[in-house]
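These notes concern the structure reproduced below.
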Number of protein chains: 2
Amino acid sequence: MRMGQGVEWALHCCLNLAWTGTPVPASRLAALYDLPPAYLNKQLQALVRAGLCESVPGPRGGFRLARPPGEVSLLDVVVALEGPEDAFRCTSILAAGPGGDPGADYPDTCAISLSMRRAELAWRRELAARSLADVSDDVLRHTPGAADRVRDALTA
Amino acid sequence: MRMGQGVEWALHCCLNLAWTGTPVPASRLAALYDLPPAYLNKQLQALVRAGLCESVPGPRGGFRLARPPGEVSLLDVVVALEGPEDAFRCTSILAAGPGGDPGADYPDTCAISLSMRRAELAWRRELAARSLADVSDDVLRHTPGAADRVRDALTA
DNA sequence: GGAGGCCTACTCGGATACTGATTGTCCGAGTGTTCGAGG
DNA sequence: CCTCGAACACTCGGACAATCAGTATCCGAGTAGGCCTCC
């Protein structure tokens, strides 16, 4: 069960965009961390499709946050890149077993499926409760100059 | 972020093994749900390597639970098949950024990594708190005859 | 000197290859059972 | 009738393909800014 690499990139990029405010091209964000520019661009496109970012074409263009950092949760970013479906997939194999009912809604009744979903719900709840602003606060408490350094590097 | 199909199979099989007690060959478990026998066998081998199941070769052989159902958590099964590492992988991309320290332990200090790990911890906690015996109780409360039906189908 | 238009450079966006993990299959090693022969 | 032994059938176990999601790259569409020309 591996999460895509793009999630890490997108989270850092979103935090940086929250610090700059102005549009930043994907190529510049990629240069910050030595990432493949075109592939990072692809990930950011997913954020645009999810409504988290806005893209500006042409010179002086790039990506910027579509909402205030306090209104963007970590879950929003994860869902934008990994999709809304659960990691655990109930394929209703019980339907083929003894006493199985082909018409039953096993994802919503099977005890195993419900237990797995409850666990994922706890995971989602934690991610939804943490916004970019919260993370920014944590970072700046530990490294006050981080935002300025990133702003300088991205807007130079 | 997809979890392997084998997790669902293994969870159902473990529950069934808890109900039978005696060794059951993989081919018979596979026949219950119309699963590919050899592939299911492969998944069960992982459970053996993790110490959750014991395998008995030869006729009358098969797999059986190595511990009482109350001592096997859903997390044990998931970890046995998906591995112990987190879904979110911190690759320390901050080390290449402005003010980055190549010697720093970013997985343990980066605010983003910590937030993601906290969420996964909540997920693990839920899974660890739920044993096969708990799930069995839920199933039998809803469908009292399930264990008997499975026992009959597997030991026939 | 100012205004208008063209040209360039830069951006995103989607279509297109490549890689590794997941899924699926096969055959060999080992073991308990069973059947038969011999005492 | 009991004991011993060999052949057999059945099991797991790991080695070997196929398929698919994730990874990475490239080129085209569109736009803002800059520059040159003309008035």
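We name chains A, B, ... by the order of the sequence lines, and we start the count at 1 in each one. Everything numeric in this text was worked out from a predicted model, so none of it was measured.
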Nearest 0.5 Å please: distance from the [atom1] atom of [X] over to the [atom2] atom of [Y].
X	Y	atom1	atom2	result
B:Leu74	B:Asp134	CG	CG	8.0 Å
B:Cys53	B:Gln45	SG	CD	11.5 Å
A:Tyr33	A:Asn16	OH	CG	3.5 Å

Measure the distance from [atom1] on [X] to [atom2] on [N] and round it to the nearest whole Å.
X	N	atom1	atom2	answer
A:Glu54	C:dC12	CD	P	14 Å
B:Arg2	C:dT23	CZ	P	6 Å
A:Leu44	C:dT11	CG	C1'	13 Å
A:Phe63	C:dT11	CZ	C1'	9 Å
B:Met3	D:dA21	CE	C1'	16 Å
A:Trp9	D:dA24	CH2	C1'	9 Å
B:Lys42	D:dA18	NZ	C1'	13 Å
B:Arg60	D:dT11	CZ	P	10 Å

What nucleic acid atoms does B:Arg28 come within less than 4.0 Å of, heavy atoms only: base, sugar-phosphate, or nothing?
-> nothing
With heavy atoms under 4.0 Å as the rule, sort A:Arg64 into base, sugar-phosphate or nothing.
-> nothing
Using OP1 and OP2 only, check whether a side-chain N or O of [X] sits under 4.0 Å from [N].
X	N	result
A:Gln45	C:dC12	no
A:Tyr39	D:dT25	no
B:Gln5	C:dT22	no
B:Ser55	D:dT11	no

Donor-acceptor pair between B:Arg151 and B:Thr20 side chains, under 3.5 angstrom = no
Ignoring hydrogens and angles, state whether a donor on the side chain of B:Thr91 or A:Glu8 is under 3.5 Å from an acceptor on the partner side chain.
-> yes
Name the residue closer to the 5' end of DNA chain C, choosing between A:Gly58 and A:Met1 according to the nucleotide with the nearest heavy atom.
-> A:Gly58
Counting heavy atoms from C-beta on, name the nucleotide in C:dT31, C:dT11, D:dT31 closest to the side chain of A:Pro59.
-> D:dT31
